Protein chains: 2
Amino acid sequence: MSLAHAILVSLVECPQSGYDLAKKFDGSVGFFWKATHQQIYRELTKLEELAWLIPQTIAQVGRPDKKLYSLTDLGRENLKIWIAQPCEVSPNKEELLVKIYAGHLVSPKILEKEISRHQQLHQETLAIYQEIERQMHCGSQCLPETLKYTYLTLRIGIKFEIAWIEWCEEAIAAIGEKIDFN
Amino acid sequence: MSLAHAILVSLVECPQSGYDLAKKFDGSVGFFWKATHQQIYRELTKLEELAWLIPQTIAQVGRPDKKLYSLTDLGRENLKIWIAQPCEVSPNKEELLVKIYAGHLVSPKILEKEISRHQQLHQETLAIYQEIERQMHCGSQCLPETLKYTYLTLRIGIKFEIAWIEWCEEAIAAIGEKIDFN
DNA sequence: TAGTACATGTAACAGGTTACATGATTGA
DNA sequence: TCAATCATGTAACCTGTTACATGTACTA
């Protein structure tokens, strides 16, 4: 039941509509939890039934109405309970690595090209993260409590992207030449 | 259709039963693609229907029969085609990070304890990977073609674990003290 | 006038999880 | 005798994906 929790986490900050959440799941929380708008609407309905959320319909000029969802006390309590519970290390699924694992079946050139493309994608993501990081601590003042945690999640995002970029370089070298790692 | 491909990748090396695959998905290919035995059996049935695999029933003494699946030429061709196709960066879902994101809702001590527990889990995984790495290149001879690719996937596994371990340390420090990252 | 952003939804299907079911053998 | 390992499967359910559907308003 973790998409539900990701939605609750997202709504802690401020009330949002399904549409808002769908966009947010393409950034911030979305860096480590993905969901489509269909999933989100389905989940919002469930959470409303549980009374963990309450909707408020907002009329807008020249726009369709929007249903702003906020956490109820019950929802907030349940979220706290969930956060305090220990969790497993999430399994990672990496399509590229499945391909690399049987990489000897295709030409090294195809692999090199694909890895190099991924390296570029990771470099772009890293640039985005670093820009957010730069904006988060202008000067060198301490961050407020809530931002501190957001910042921590950003930090690991950066570390992962750097790991990918370094690996891509290493992999391209290893595939091209008959390199020995030492 | 990626579990199918992960199974094919796994069967490139040697014919295996559903049971063998289920165990394997708990190591090697399983480091970047997880699946339960129920999923695997369901998928094997589909792949047999497509004639990408052929089963061979092996009678055993004192054990139930096993159905060893091998790749057909068709299966191998399709696998090659799939590997050669470009793919997206796989989205990662990290439950711990969803929790950290709203970490201010619970006591810092709970978070520190949980992060420290995760650090230990990652240290254990790292130790396993490093042991495999050690076994893979005894001396400093070059690896054969197929092992080279396995080795590359291991390398990124190691990088990820190191990134996690470093981050856990950083996070614990940041939560405890009023630390400023610079 | 065509495309994008806003805003919410249904339906069908594919993929993943959990529980249950069976039954032999091996080792503590 | 109890648990673990070997070996395969069904059924129900939940989660995630893709396609379709609707309608306004703004901008190029």
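Bear in mind that the values here come from a model prediction, so they are computed numbers and not experimental data. Every chain is numbered from 1, with letters handed out A, B, ... down the list of sequences.
Considering only side-chain atoms of B:T36, the nucleotide from C:dT17, D:dT17, D:dC6 that sits closest is C:dT17.
Using a 4.0 Å heavy-atom criterion, one finds that B:S17 contacts the sugar-phosphate atoms exclusively. Backbone-only contact: B:K67 has heavy atoms under 4.0 Å from sugar-phosphate atoms and none from a base.
C:dA21 atom P lies 19 Å from atom OH of B:Y41, rounded to whole Å. Rounded to a whole Å, the CD atom of B:E43 is 15 Å from the C1' atom of C:dT17. Atom CZ in B:R42 sits roughly 14 Å away from atom C1' in C:dA19 (whole-Å rounding). Atom CD in B:Q38 sits roughly 13 Å away from atom P in D:dT8 (whole-Å rounding). In this entry the distance linking CD of B:E48 with C1' of D:dG9 reads 14 Å, nearest Å. Between the NZ atom of B:K66 and the P atom of D:dA7 there is a distance of 4 Å, rounded to whole Å. Rounded to whole Å, the distance from CG on B:D20 to P on D:dA7 is 7 Å. Rounded to an integer number of Å, the gap from CG of A:L21 to C1' of C:dT8 is 13 Å.
Taking CD1 from A:I83 and CD1 from B:I100, the interatomic distance works out to 9.0 Å, rounded to the nearest 0.5 Å. The line from CH2 of B:W52 to CG of B:L71 is 10.5 Å long, rounded to the nearest 0.5 Å.
If you look at B:Y101 and A:Y149, their ring centroids are not closer than 6.0 Å.
The shortest distance between the side-chain N/O atoms of A:K23 and the OP1/OP2 oxygens of C:dA5 is not below 4.0 Å. Using a 4.0 Å cut-off, no side-chain N or O of B:Q39 falls inside it from OP1 or OP2 of C:dG15. Contact annotation: A:Y19 does not reach the phosphate of C:dT8 (side-chain N/O to OP1 or OP2, under 4.0 Å). Dashed line: the shortest gap from a side-chain N or O of B:K46 to OP1 or OP2 of C:dA14 is not under 4.0 Å.
Heavy-atom distances to DNA chain D give each of A:A35 and B:L68 a nearest nucleotide, and the one nearer the 5′ end belongs to B:L68. The residue among A:D65 and A:P91 whose nearest nucleotide of DNA chain C is located toward the 5' end is A:D65.
When the side chains of ILVMFWY residues are joined at heavy-atom separations under 4.5 Å, either directly or via intervening members, A:I58 and A:Y41 end up in two distinct hydrophobic clusters.
B:H122 and B:H118 have tilted rings, their planes meeting at an angle from 30° to 60° on a 0 to 90° scale.
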